[in-house]
**Student:** 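Mind having a look at this structure? Questions to follow.
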Amino acid sequence: MRVEVLTGAALEAALDDVARLRIEVFRAFPYLYDGAFDYERAYLQTYRDSENAVLVGAFDGETLVGAATGTPLEDHAEDFAVAFAGHDLALDQIFYCAESVLLPQYRGRGIGHQFFDKREAHARRLGRQKVVFCSVQRPKDHPLRPSNYAPLDPFWRKRGYQPLQGAVAQFSWKDVGHASETAKPLQFWIRDLD
């Protein structure tokens, strides 16, 4: 196993594999995402377009088995404008950690920490003062919630992240087993960089 930072051409070359990982990993609870490859390729265009984007890849040999992405928050300003309205934050000082996806058989090996460590280091190199990410909010009694589901909140808190009160984005996607898209709330979490 190796975990490495990809930027520029190496990042672009890995994005189709990131699309496949997103579709596979986000199909599980809590995202329940019924993904499509063409949509994923369009969504990931942000990372092709941003000169300050980062992709942290986890490789088993030459196979990408996990990925975490990030960009300066202003690359997503239009998507997140409502969520950050009313907060006295300089968006150009914030780095956005987007997806973090890892195949289940590779979890529990510290790769999630490496994903955050490397993205936070990239944010520091860019001179950012804060890092945010968002997580989907599902009801505790959701019918597809597995009985052994454990939220990642304790992991995030251990890394110094806290929910940013009132910072909730709304995104729509089609859930597994549904015919159309529905809006879901995503809570932002934030931490100061040292």
Side-chain angles (χ1 to χ4, degrees), residues 1-3 14-44 47 55-61 63-70 76 79-80 83 96-120 131-191:
M1 288 292 302
R2 73 183 193 281
V3 178
L15 287 179
D16 282 355
D17 289 332
V18 174
R20 284 187 272 280
L21 279 172
R22 279 177 45 90
I23 291 168
E24 182 174 351
V25 172
F26 284 155
R27 191 170 182 83
F29 189 87
Y31 285 87
L32 301 171
Y33 171 57
D34 188 5
F37 189 72
D38 287 343
Y39 171 83
E40 288 298 314
R41 291 200 84 214
Y43 165 80
L44 291 167
Y47 302 98
L55 165 62
V56 182
F59 294 87
D60 185 348
T63 304
L64 188 71
V65 298
T69 62
H76 300 273
D79 295 333
F80 299 149
Y96 172 59
C97 288
E99 54 274 316
S100 187
V101 290
L102 183 63
L103 294 176
Q105 62 268 35
Y106 294 94
R107 295 175 190 165
R109 302 182 189 188
I111 295 170
H113 282 292
Q114 290 185 64
F115 282 168
F116 271 102
D117 289 344
K118 292 182 184 304
R119 290 183 295 178
E120 289 167 2
V131 178
V132 298
F133 69 87
C134 57
S135 66
V136 67
Q137 305 297 291
R138 294 285 190 173
K140 291 188 182 196
D141 62 350
H142 192 284
L144 296 180
R145 181 187 178 107
S147 59
N148 64 346
Y149 174 71
L152 292 173
D153 298 27
F155 169 76
W156 297 326
R157 288 181 191 280
K158 185 177 177 182
R159 292 201 57 90
Y161 289 89
Q162 296 292 326
L164 181 59
Q165 294 303 315
V168 178
Q170 295 286 329
F171 284 96
S172 295
W173 63 83
K174 187 163 74 91
D175 281 359
V176 172
H178 289 229
S180 58
E181 293 185 355
T182 56
K184 285 88 174 171
L186 285 89
Q187 171 66 56
F188 275 93
W189 291 62
I190 192 167
R191 70 159 284 189

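Numbers here simply count residues along the sequence, with the first being 1.
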**Student:** Between the main-chain N or O of R22 and the side-chain N or O of E24, is there a donor-acceptor pair closer than 3.5 Å?
**Tutor:**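 No; zero donor-acceptor contacts below 3.5 Å.
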**Student:** Using every non-hydrogen atom in the two residues, find where R145 and P139 come nearest and quote the distance to one decimal.
**Tutor:**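 Nearest heavy atoms, R145 then P139: NH1-O, 4.3 Å.
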**Student:** May I ask you to decide if A19's main-chain N or O and R41's side chain share a donor-acceptor pair within less than 3.5 Å?
**Tutor:**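 Checking the backbone N and O of A19 against the side chain of R41, no donor-acceptor pair under 3.5 Å is found.
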**Student:** Under a 3.5 Å distance rule, please check whether W173 uses its side chain to pair with a backbone N or O of Y31 as donor and acceptor.
**Tutor:**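 Such a contact is found between W173 side chain and Y31 backbone.
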**Student:** To check you understand the geometry: which heavy-atom pair defines the closest contact between L102 and A58, and what is its length?
**Tutor:**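 The answer is CD1-CB, 4.4 Å.
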**Student:** Donor-acceptor pair, distance only, cut-off 3.5 Å: does the side chain of H142 make one with the backbone of L144?
**Tutor:**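 Between the backbone of L144 and the side chain of H142 there is a qualifying donor-acceptor contact (under 3.5 Å).
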**Student:** What pair of heavy atoms forms the shortest contact from A169 to A83, and how long is it?
**Tutor:**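 In terms of heavy atoms, the two residues are closest at N-CB, 3.9 Å.
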**Student:** Which of parallel (below 30°), tilted (30 to 60°) and perpendicular (above 60°) describes F26 and Y33?
**Tutor:**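 F26 and Y33: perpendicular rings.
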**Student:** Hey, does H178 have a side-chain heavy atom less than 4.5 Å from the side chain of L32?
**Tutor:**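 Of all side-chain heavy-atom pairs linking H178 with L32, none is under 4.5 Å.
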**Student:** Would you confirm whether R2, through its side chain, and D60, through its main-chain N or O, come within 3.5 Å as a donor-acceptor pair?
**Tutor:**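 No, because the side chain of R2 does not come within donor-acceptor range (under 3.5 Å) of the backbone of D60.
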**Student:** Could you check whether E99 and Y43, counting side-chain N and O atoms only, form a donor-acceptor pair closer than 3.5 Å?
**Tutor:**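 On atom types as modelled, these side chains qualify, holding a pair under 3.5 Å.
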**Student:** What is the minimum heavy-atom distance between L21 and G66, and which atoms define it?
**Tutor:**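 Heavy atoms only, the tightest pair is CD1-N, 3.6 Å.
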**Student:** Quick check against the 3.5 Å criterion: does R119 have a side-chain atom that pairs as donor or acceptor with the backbone of G70?
**Tutor:**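 Not confirmed, R119 side chain does not pair with G70 backbone.
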**Student:** Can you name the nearest heavy-atom pair linking L164 to Q187, along with the distance?
**Tutor:**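 The pair with the smallest heavy-atom distance is O-NE2, 2.9 Å.
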